[in-house]
Amino acid sequence: MTTKEDYIRQFQLTPHPEGGWYQQIYHSEDKYFDLESGGQRYRYTSIYFLLDSTSPSHFHRLNHDELWYFHAGQGITIHCISPNGHYQAVKLGKNIQSGERLQFKVPKETIFASEVSDSNSFGFVSCMVAPGFDYRDFELLSKEKLLTRYPQHRSVIDRLAVDDTNQ
């Protein structure tokens, strides 16, 4: 049985600032000036990303769409808060009979976090961003900021947002 440590070692994953472990695998050969970002960006980037029950992906926002592709392990729940405050939880995984999806698009400007809810388990995915990911297009959102704007989603924000003291 392949373990979390096997994936981390095999794919040389390192800790990600939002949580979990990652490694950039691909990016386009060329860059261009992206008007939304106001700077040079690869046309796309793709990473491997691993989450476990002790290291979720904390609430953050990108200014470009992100596509998620499930590969292995337990299902991952992606918690999305749209700009108008609508909440949606999507389960990414291989159990399609129970409604899990093999891939999912997180729309740009959506605030989202992800978690593996089963203790002692992990989920392994790929994420692709176009135009390519750049930390200048990334915003990690604090619990205080999110609760001020979206108090109706307190339970998931309390669990998956970074504490203000951690920023």
Side-chain angles (χ1 to χ4, degrees), residues 2 4 7-8 11 13-28 34 36-37 41-141 143 146 149-150 152-162:
T2 308
K4 171 185 90 172
Y7 281 95
I8 290 171
F11 296 106
L13 306 179
T14 58
H16 196 292
E18 78 191 45
W21 296 264
Y22 82 109
Q23 179 66 260
Q24 182 173 301
I25 302 303
Y26 296 111
H27 61 72
S28 65
D34 177 58
E36 286 180 295
S37 298
R41 297 294 183 268
Y42 288 112
R43 295 190 182 278
Y44 65 86
T45 55
S46 180
I47 65 169
Y48 285 136
F49 192 40
L50 186 141
L51 298 173
D52 71 8
S53 57
T54 66
S55 187
S57 168
H58 297 287
F59 275 109
H60 62 288
R61 175 175 34 213
L62 301 176
N63 66 345
H64 302 296
D65 293 347
E66 183 171 53
L67 297 170
W68 286 57
Y69 303 93
F70 186 81
H71 297 300
Q74 297 299 310
I76 291 175
T77 303
I78 304 171
H79 301 274
C80 301
I81 303 173
S82 69
N84 70 6
H86 175 75
Y87 170 80
Q88 176 186 17
V90 174
K91 187 82 172 200
L92 205 63
K94 291 185 179 180
N95 189 350
I96 59 173
Q97 292 83 8
S98 70
E100 291 182 350
R101 301 178 187 188
L102 294 171
Q103 56 183 293
F104 177 69
K105 178 186 86 171
V106 178
K108 68 180 182 176
E109 301 301 332
T110 297
I111 297 165
F112 66 107
S114 307
E115 67 180 331
V116 176
S117 30
D118 295 335
S119 61
N120 299 320
S121 64
F122 69 93
F124 184 65
V125 300
S126 289
C127 299
M128 196 275 299
V129 180
F133 178 84
D134 188 290
Y135 280 105
R136 292 170 289 187
D137 302 328
F138 168 88
E139 180 183 10
L140 190 62
L141 296 151
K143 189 178 293 188
L146 289 171
R149 184 142 187 218
Y150 306 108
Q152 70 273 30
H153 305 307
R154 175 176 285 282
S155 64
V156 70
I157 289 170
D158 277 345
R159 192 172 69 254
L160 295 172
V162 292

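FYI, the numbering just counts along the sequence from 1. All figures in this text were calculated on a predicted structure; none of them were measured in a lab.
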Can you tell me how far apart CD1 (Ile47) and NE2 (His16) are? Round to the nearest 0.5 Å.
5.0 Å
What one should report as the nearest heavy-atom pair of Gln152 and Gly85 is NE2-O, 3.9 Å
Can you find a heavy atom in the side chain of Tyr42 that is under 4.5 Å from one in the side chain of Val129?
no
Starting at CG of Asn63, measure out to CD of Glu109 and round the result to the nearest 0.5 Å.
6.0 Å
Between CD1 of Ile111 and CZ of Phe59, what distance do you get to the nearest 0.5 Å?
8.0 Å
State the OG-NZ distance between Ser117 and Lys91, to the nearest 0.5 angstrom.
4.0 Å
Side-chain touch Arg149/Ile81, heavy atoms, less than 4.5 angstrom:
no
Checking the side chain of Glu100 only, and the main-chain atoms of Lys94 only, is there a donor and an acceptor separated by less than 3.5 Å?
yes
For the atom pair CG (Leu13) and CG (Leu50), what is the distance rounded to the nearest 0.5 Å?
6.0 Å
Sequence neighbours excluded, the answer for side chain to side chain contact (heavy atoms under 4.5 Å, CB included) partners of Tyr26 is Tyr44, Ser46
Are more than 12 heavy atoms, taken from residues, nucleotides or ligands other than Arg43, located less than 6.0 Å from that residue's CZ atom?
yes
Note, His79 side chain near His153 side chain (heavy atom, < 4.5 Å):
no
Closest heavy-atom pair and its distance - Gly123, Val116
N-CG2, 3.7 Å
Heavy-atom nearest pair, Phe70 first then Arg101, reads CB-O, 4.5 Å
Give me each pair satisfying side-chain hydrogen bond (donor to acceptor under 3.5 Å, both in side chains) with a member in residues 118-130, each pair once, sequence neighbours excluded.
His71-Ser126
Report the C-alpha separation of Gln88 and Thr110 in whole Å, then their side-chain angles, then the decisive distance to 0.1 Å, and conclude whether the side chain to side chain contact (heavy atoms under 4.5 Å, CB included) test is met.
CA-CA 10 Å; Gln88 176 186 17; Thr110 297; over 6 Å; no
Taking atom OH of Tyr7 and atom CZ of Phe124, what is their separation to the nearest 0.5 Å?
6.5 Å
Please report the shortest heavy-atom distance between Leu102 and Gly93, naming the atom on each side.
CD2-O, 3.5 Å
Any donor-acceptor pair under 3.5 Å linking the side chain of Lys143 with the backbone of Asp158?
yes
Any side-chain heavy-atom pair from Val125 and Tyr69 closer than 4.5 angstrom?
no
Do Trp21 and Thr14 touch side chain to side chain, with heavy atoms closer than 4.5 Å?
no
Donor-acceptor contact present, side-chain Ser55 to main-chain Gly20, <3.5 Å:
yes
Backbone N or O of Phe133 within a donor-acceptor pair of the Thr45 side chain at under 3.5 Å?
yes
Measure the acute angle between the ring planes of Trp68 and Phe112, then classify it against the limits of 30° and 60° as parallel, tilted or perpendicular.
perpendicular
Please report the C-alpha distance between Ser57 and Phe49 in whole Å, then the side-chain angles of each, then the deciding distance to 0.1 Å, and finally whether the side chain to side chain contact (heavy atoms under 4.5 Å, CB included) criterion is met.
CA-CA 10 Å; Ser57 168; Phe49 192 40; 4.0 Å; yes
Test item: Arg41 and Asp137 side chains (from C-beta on) under 4.5 Å apart, heavy atoms
yes
Examine distances only and state if a side-chain atom of His60 and a backbone atom of His58 form a donor-acceptor pair shorter than 3.5 Å.
yes
If every non-hydrogen atom of Pro83 is compared with every non-hydrogen atom of Tyr150, which pair is closest and at what distance?
O-OH, 3.6 Å
Okay, side chain of Ser98, backbone of Asn95: is any donor-acceptor separation there less than 3.5 Å?
yes
Minimal non-hydrogen separation, Asp34 against Pro131, with atom names:
OD1-CG, 3.5 Å
